[in-house]
**Q** 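This is the structure I have questions about; it appears just below.
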Amino acid sequence: MAHPVTSTSTPAIDRPQSGLALGRLARRPESGSFLGMIAVLLFFGVFGGSGFMSAAGAASWLNIASEIGIIALPIGLLMIAGELDISVGAVIPAASLTAAIISGHYGLPDWLGITAALGLGLAVGLLNGLLVTRTSIPSLIITIGTMFGTMGLTLGLTVKIAGSTGVSLVPDPFTKEILGDYLGGMFQVTILWWVVFVVGLFWLLHISPIGNWIYALGGDKESARNVGVPTKRLSIGLFMLSGFSAAFVGVSEVMVYQSAQVLAGQSFIFNSIMCVVIGGVLLTGGFGSVVGIVFGTLTFSIVNQGIYFTSLDPNVGSVIIGVLLLIAVLTNDTFRQLALSYSSKKGGRS
Amino acid sequence: MNDKPAILELKNVNKSFGPIDVLHDISLKVRAGEVLCLLGDNGAGKSTLIKTLAGVHKPTSGQILMDGQPVTFVGPSDAQGRGIATVHQFGGTFPLMSIGRSFFVGVEPTKGWGPFRIYDRKRANEIAVRAVRDFGITRIDDGDRLVGGLSGGERQSLAIARAVYFGARVLILDEPTAALGVKQASHVLRIVNEAKRRGLAVVFITHQVMHAMAVGDHFAVLIRGAIAADFRKGEKSREEITDLMAGGETMADLEAQVEGYMETHEGHPPSPQVLEVPAAH
Ligand SMILES: Nc1ncnc2c1ncn2[C@@H]1O[C@H](COP(=O)(O)OP(=O)(O)OP(=O)(O)O)[C@@H](O)[C@H]1O
Ligand SMILES: [Mg+2]
């Protein structure tokens with residue numbers, strides 16, 4: 001009985017792939033966002049003048065990038081897994097205030113305030129995860145709900161305990177050094193923490209086997225479950241990761257600015273989602289990369305801060321970001337199509 | 001003839017989703033070196049039945065026996081770990097993932113140790129590409145290619161190749177030939193026969209009489225979640241089987257009997273022996 005094998009001119013499987021570098025590059029999720037980042041860098045390099053190019057200029061957008069970046073990474077992972085998390089916008093101030101009330105208002109040790117704040121982030125994440133996996137309500141709605149819940153509780157309890165909507169905290173020298181310091185007088189130490197998050201989540205998504213589960217979950221939840229991916233535990237874990245990261249940013253903020261405000265953090269919701277989408281993550285899940293999210297975050301922050309170095313009206317910055325978002329989605333679509341149709345052997349037969 | 005040991009056995013299994021009863025009192029044996037064909041109309045419960053065998057669903061009541069011992073599958077990976085590999089009716093592959101990654105979802109090959117185990121991309125790609133090429137899809141030579149770039153049939157072949165690779169003891173195929181061309185479909189049938197020859201138990205769902213006749217040793221017909229007919233190869237003529245599958249007169253007759261029985265027996269379905277299948281015309 002003949003094996004139904006079509007004749008093939010290149011039967012070898014492990015062929016050298018050198019000539020295909022461009023094709024390989026084109027199918028990476030971050031290709032589009034890399035081009036976008038270069039474009040805005042060039043734009044503000046030219047129109048932002050020497051101020052943008054200086055160390056202080058770089059610090060201004062890197063500081064912004066580090067805070068959004070720490071949140072955008074887990075949001076991106078959630079989005080690859082097919083979920084959204086809006087509640088980060090409330091977890092940031094809730095964590096700031098938890099730390100400020102415990103360590104500032106009550107004067108307890110810093111580590112206690114920090115642990116409680118991070119624990120709060122994990123708890124909100126756990127709640128999100130449980131609600132999302134136990135009901136059929138979309139995570140967008142659930143996390144909007146938990147956002148308002150967290151916000152209301154934060155406001156109510158803060159006013160009740162501290163008597164105002166802002167609480168200050170003077171961190172002890174060690175805490176200040178690891179979480180709230182400025183390197184060289186201008187670069188927030190948060191930038192280094194961002195690097196830690198990038199390395200950690202790069203490992204999780206692209207090197208450890210768990211990354212495979214995240215893509216599978218976002219690609220086809222049903223099939224992922226059928227082949228034995230622990231989809232519920234994975235979703236819950238990812239929500240806890242984003243809750244933790246948001247709380248971490250909240251803690252860093254209170255250590256840097258030495259005060260916590262109830263209404264800080266709302267801007268992070270849209271901004272982090274924009275960074276992720278500009279970074280090439282597919283809104284409906286299943287596609288994206290950590291490097292892309294980093295490029296997206298940098299692009300966003302460069303525009304966000306670079307605008308102040310130009311003679312343009314700062315409001316133009318928002319317009320640029322809006323346009324950038326649309327262009328990003330379009331080019332990322334194109335790159336994804338390229339990736340899908342890409343075959344190392346052109347003009348396949350049979 | 002019935003001396004082959006049952007690898008998997010369902011005993012009086014019921015399955016309901018909330019208020020919806022899908023499987024009624026299913027008792028079935030899946031024997032080593034035998035192909036069990038599950039036949040039945042759309043919505044009869046075939047997929048639900050094999051999902052119970054694959055560890056996706058837990059029976060609401062009743063028992064699953066493996067090698068004569070009662071087992072409870074914790075989840076699909078538990079069943080997979082015991083050598084039960086399944087190709088589910090829809091999906092099974094992930095369009096935006098690479099061929100290698102898609103092939104190994106849930107059972108990723110790793111290198112390194114402990115918490116530093118990392119996904120072994122090279123090995124995954126090699127094995128996946130070899131498996132699909134063995135399947136006759138020789139157009140594929142790059143495990144980094146995205147699955148979504150393959151044709152529907154190629155994707156299905158990939159899913160089947162995966163199951164064949166992981167199915168050490170039981171191979172469950174839910175309408176595996178639905179999207180396939182003639183050549184690939186006949187290849188699937190050959191794979192099924194080969195698996196049977198190697199002593200695997202195969203559960204095969206199809207709506208195509210020719211395919212069922214070509215490989216089946218043992219046939220079970222599901223009607224509304226109950227086993228309405230259970231017979232071996234040669235016990236019924238091709239016409240009768242066709243009729244059962246096509247929902248023809250015989251089918252209509254059985255259906256009426258099942259309904260009548262369930263009405264008078266508080267919703268319990270009859271055992272297959274109770275039903276009288278009219279002789280073929
Ligand atoms: N998770 C579920 N929740 C509720 N009802 C379900 C669920 N899964 C299946 N059903 C119902 O069980 C019945 C049997 O479905 P099943 O998929 O097993 O049919 P099938 O025999 O495989 O049909 P087909 O030939 O169309 O594939 C259908 O009525 C379906 O609606
Ligand atoms: Mg089905």
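Here is how names work: the chains are called A, B, and so on, in the same order as the sequence lines, proteins then strands, and each is numbered from 1. What you are looking at is a predicted structure, and each value in this text was computed from that prediction instead of being measured.
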**Q** Val107(B), Ile118(B), Thr110(B), Thr86(B): which one forms the most heavy-atom pairs within less than 4.5 Å of chain A?
**A** Ile118(B)

**Q** Without swapping roles, check the side chain of Ser139(A) against the backbone of Leu84(A) for a donor-acceptor pair under 3.5 Å.
**A** yes

**Q** Name the option with the most non-hydrogen atom pairs under 4.5 Å to chain B; the candidates are Gly218(A), Gly219(A), Ala224(A).
**A** Ala224(A)

**Q** Mind ranking Asn226(A), Asp220(A), Ile210(A) by heavy-atom pairs under 4.5 Å with chain B and telling me who comes out on top?
**A** Asn226(A)

**Q** Testing Val291(A), Ile293(A), Val290(A) for side-chain contact (heavy atoms from CB on, under 4.5 Å) with Val198(A), which one passes?
**A** Val290(A)

**Q** For Lys196(B) and Ala201(B), indicate whether the former's side chain and the latter's backbone hold a donor-acceptor pair under 3.5 Å.
**A** no

**Q** Quick one: does any side-chain atom of Gln156(B) pair with a main-chain N or O of Pro176(B) as donor and acceptor, under 3.5 Å?
**A** yes

**Q** Quick check on Leu282(A) against chain B: is it the side chain, the backbone, both or neither that has a heavy atom closer than 4.5 Å?
**A** side chain

**Q** Which one wins on heavy-atom pair count under 4.5 Å against chain A: Arg162(B), Gln80(B), Arg117(B), His88(B)?
**A** His88(B)

**Q** Would you mind checking which part of Phe94(B) comes under 4.5 Å of any heavy atom in chain A, side chain (CB onward), backbone (N, CA, C, O), both or neither?
**A** side chain

**Q** So which atom in Ser98(B) and which in Asp144(B) form the shortest heavy-atom distance, rounded to 0.1 Å?
**A** CB-O, 3.5 Å

**Q** Select, from Gly286(A), Gly285(A), Pro209(A), Pro230(A), the one with the greatest count of heavy-atom pairs under 4.5 Å involving chain B.
**A** Pro209(A)

**Q** Are the ring centres of Phe17(B) and His57(B) closer than 6.0 Å?
**A** yes

**Q** Given a strict heavy-atom distance threshold of 4.5 Å, which part of Thr93(B) is in contact with chain A: side chain, backbone, both, or neither?
**A** backbone

